Amino acid sequence: MENFQYTRDNVPLQIQTDNYERLREDRGVCSPAVVNMGPPVYPQVRDHIVWSIFNTIYMNFCCLGFAALLFSIKSRDRKVVGDLEGARHYGSTARCLNVTALVLTILTFLIMIILLAVGVLQIYNIARQEAQDQHNLFQGNGK
């Protein structure tokens, strides 16, 4: 085997930098940078306690508002302890219960209003029919 020495011209992939001026390296100018990192910032966990209290007092459809309040309190307790995943889970459950209680209560009120309006219209129609019958009876007897 031959002992062959590679020179600068024999290596095809080597980039020749003879034509470029070398940059000066100033080693004394650089100062270390200190970055103070505080505690990690986590997204705030919502416990929906105010919404749960509102639903418990005003829109407690089948005690869903009360159940939402219990889960909101559990979520707040988990948040105080530092269990953010547990707090997020209980907060999500409280939100679902609040939405369900709100929707069911609104639907109940709408159905009651519709039934009341239909009942009033029926009573009005019956009263009008009775008045018409009375009028026809009175007109028929007078002749």
Side-chain angles (χ1 to χ4, degrees), residues 4-143:
F4 184 72
Q5 294 292 331
Y6 289 100
T7 62
R8 195 178 229 179
D9 297 331
N10 291 341
V11 179
L13 296 178
Q14 185 176 5
I15 300 173
Q16 296 180 4
T17 58
D18 293 339
N19 298 338
Y20 300 106
E21 180 181 327
R22 285 215 174 264
L23 294 176
R24 223 176 31 183
E25 294 183 18
D26 295 332
R27 295 193 185 263
V29 178
C30 184
S31 65
V34 176
V35 177
N36 290 330
M37 306 247 334
V41 178
Y42 297 109
Q44 181 142 358
V45 178
R46 301 194 58 179
D47 53 12
H48 307 286
I49 191 117
V50 175
W51 190 10
S52 298
I53 291 172
F54 177 79
N55 278 344
T56 301
I57 295 172
Y58 296 112
M59 300 186 170
N60 199 15
F61 186 84
C62 295
C63 294
L64 287 175
F66 183 67
L69 181 63
L70 291 177
F71 278 99
S72 295
I73 292 170
K74 284 182 179 183
S75 175
R76 182 162 283 190
D77 290 345
R78 292 282 102 197
K79 189 169 35 172
V80 168
V81 170
D83 180 16
L84 294 180
E85 190 59 37
R88 192 171 292 116
H89 175 70
Y90 285 129
S92 174
T93 305
R95 183 183 66 232
C96 291
L97 289 172
N98 280 324
V99 167
T100 305
L102 181 69
V103 168
L104 290 176
T105 303
I106 289 173
L107 284 176
T108 303
F109 283 138
L110 285 176
I111 290 171
M112 287 174 53
I113 289 171
I114 291 170
L115 289 176
L116 182 67
V118 168
V120 166
L121 286 175
Q122 287 293 341
I123 291 173
Y124 174 74
N125 285 336
I126 291 171
R128 192 177 58 149
Q129 186 66 32
E130 287 290 325
Q132 187 74 19
D133 291 343
Q134 288 289 338
H135 180 69
N136 289 340
L137 185 65
F138 182 71
Q139 290 291 333
N141 287 338
K143 290 186 176 180

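The basis for the numbers below is simple: all heavy atoms, side chains too, and nothing from hydrogens, waters or symmetry mates. Given the structure is predicted, the values throughout are model-derived calculations rather than measurements. Heads up: numbering here begins at 1 and tracks the sequence.
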Exercise. Compare every heavy atom of Thr56 with every heavy atom of Asn60, then report the nearest pair and how far apart it is.
Key: CB-O, 3.4 Å
Quiz item: Can you pull the salt bridge (Lys or Arg N to Asp or Glu O under 4.0 Å) pairs that have at least one residue in residues 117-139, sequence neighbours excluded?
Solution: none
Quiz item: Hey, what do you get for CZ (Phe109) to CD1 (Ile113), rounding to the nearest 0.5 Å?
Solution: 8.0 Å
Practice problem: Applying side chain to side chain contact (heavy atoms under 4.5 Å, CB included), name anything that partners Leu107, two or more places apart in sequence or on another chain. | Solution: Val103
Quiz prompt | With Tyr58 via ring-ring contact (aromatic ring centres under 6.0 Å, His included) - residues at least two apart | solution = Phe54
Side chains of residues 90-102: which donor-acceptor partners sit under 3.5 Å, not counting sequence neighbours?
from	atom 1	to	atom 2	distance (Å)
Thr93	OG1	His89	O	3.1
Asn98	OD1	Asn55	ND2	3.0
Asn98	ND2	Ser52	OG	3.0
Asn98	ND2	Ala94	O	3.1
Thr100	OG1	Cys96	O	2.8

Quiz prompt | Test side chain to side chain contact (heavy atoms under 4.5 Å, CB included) applied to Asp77 - qualifying residues, sequence neighbours left out | solution = Ile73
Practice problem: Would you give the length of the straight line joining atom OG1 of Thr105 to atom CG of Leu110, rounded to the nearest 0.5 angstrom? | Solution: 11.0 Å
Quiz item: Who passes salt bridge (Lys or Arg N to Asp or Glu O under 4.0 Å) against Lys74, sequence neighbours left out?
Solution: none
Quiz item: What's the spacing between Gln134 CD and Asn136 CG if we round to 0.5 Å?
Solution: 10.0 Å
Quiz item: Can you name the residues that form a salt bridge (Lys or Arg N to Asp or Glu O under 4.0 Å) with Asp83, not counting sequence neighbours?
Solution: Arg78
Quiz item: What pairs of residues pass the side-chain hydrogen bond (donor to acceptor under 3.5 Å, both in side chains) test when at least one of them lies in residues 107-124, not counting sequence neighbours?
Solution: none
Quiz prompt | By salt bridge (Lys or Arg N to Asp or Glu O under 4.0 Å) - contacts of Glu85 (at least two apart) | solution = Arg88
Practice problem: Could you name each residue pair satisfying salt bridge (Lys or Arg N to Asp or Glu O under 4.0 Å) that touches residues 47-63, not counting sequence neighbours? | Solution: Asp47-Arg76, Asp47-Lys79
Quiz prompt | Distance (rounded to the nearest 0.5 Å) between Leu116 CG and Ile111 CD1 | solution = 13.5 Å
